[in-house]
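Read through the structure below, which is laid out as structure tokens, and then see the notes.
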Amino acid sequence: MKAWHVQDINGDNQEIIFAEKRSLAISKSEARGWNDYIDVRAKRAKYCDDLEKEPNEIIQAQLDNGWWMECHDDRCAKQITIDDEHTIVDGKIYCEICSKN
């Protein structure tokens, strides 16, 4: 299925949504819940196409394409980029330190 990078007009609430059409991606997004439809942007994220059942691969694809993620450990919240050592387990990303714990 087609992947869409969806975010609000300010660049907040960014996420990957899987939908056949742009309008459906906007409607399904978290950003839509907080904003008017016209204030939500969706652009194709071909790097995540057909990965809807592969959460680890989605996270890695996002990192490979310039995204950053927060460490999933509640005590940490370090921002992780492609340049940082990290571990992805069950659709959750952990920084180098937390992945050793």
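In what follows, every heavy atom counts, from backbone to side chain, and hydrogens, waters and symmetry copies are set aside.
No single ILVMFWY cluster, assembled from side-chain heavy atoms under 4.5 Å apart, contains both I16 and W68. Taking hydrophobic clusters as Ile, Leu, Val, Met, Phe, Trp and Tyr residues chained together by side-chain heavy-atom distances below 4.5 Å, I17 does not share a cluster with I58. Cluster membership check: L51 shares its hydrophobic cluster with I82, using side-chain heavy-atom separations under 4.5 Å among Ile, Leu, Val, Met, Phe, Trp and Tyr.
Without hydrogens or angle criteria, R41 side chain to V6 main chain gives no donor-acceptor distance under 3.5 Å. Using a distance-only test at 3.5 Å, with no hydrogens or angles considered, no donor-acceptor pair links the side chain of D12 to the main chain of D8. Between the E15 side chain and the E30 main chain, a donor and an acceptor come within less than 3.5 Å of each other. In this structure a side-chain-to-backbone donor-acceptor pair under 3.5 Å is present from D73 to R75.
Looking at heavy atoms from C-beta onward, V40 lies in side-chain contact with S29 at the 4.5 angstrom threshold.
At most 12 heavy atoms of other shown residues, nucleotides or ligands fall within 6.0 angstrom of atom CD1 in I97. Heavy atoms of other residues, nucleotides or ligands lying less than 6.0 angstrom from CG of N10 number more than 12.
Here the SG-NZ distance, from C95 to K100, works out to 9.5 Å after rounding to the nearest 0.5 Å. Rounded to the nearest 0.5 angstrom, H5 NE2 and C48 SG are separated by 10.0 Å. A distance of 10.5 Å separates NZ in K78 from CD1 in I93, rounded to the nearest 0.5 Å. Taking CG of N13 as the reference point, atom CZ of R32 lies at 12.5 Å (rounded to 0.5 Å).
Listed by first then second residue, pairs satisfying ring pair (Phe, Tyr, Trp, His ring centres under 6.0 Å) with a partner in residues 7-66 number zero, not counting sequence neighbours.
Taking 4.0 Å as the cut-off between side-chain N and carboxylate O, R44 and D49 count as a salt-bridged pair.
Shown here are the salt bridge (charged side-chain N to carboxylate O under 4.0 Å, His left out) partners of D39, two or more places apart in sequence or in another chain: there are none.
Taking every heavy atom of both residues into account, A25 and A19 meet most closely at N-CB, 3.6 Å. When every heavy atom of R22 is checked against every heavy atom of A42, the shortest pair comes out as NE-O, 3.5 Å. Closest approach of E20 to M1, counting heavy atoms only: OE2-CG, 3.5 Å. Across all non-hydrogen atoms, the minimal contact from W4 to K21 is CZ2-C, 3.7 Å.
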Residues 84-91, side-chain donor-acceptor partners within the protein, below 3.5 Å, at least two apart:
| unit_1 | atom_1 | unit_2 | atom_2 | d |
| --- | --- | --- | --- | --- |
| D84 | OD2 | T81 | N | 2.8 |
| D84 | OD2 | T81 | OG1 | 3.3 |
| H86 | ND1 | D84 | O | 2.9 |
| H86 | NE2 | Q60 | OE1 | 3.1 |
| T87 | OG1 | S99 | OG | 3.4 |

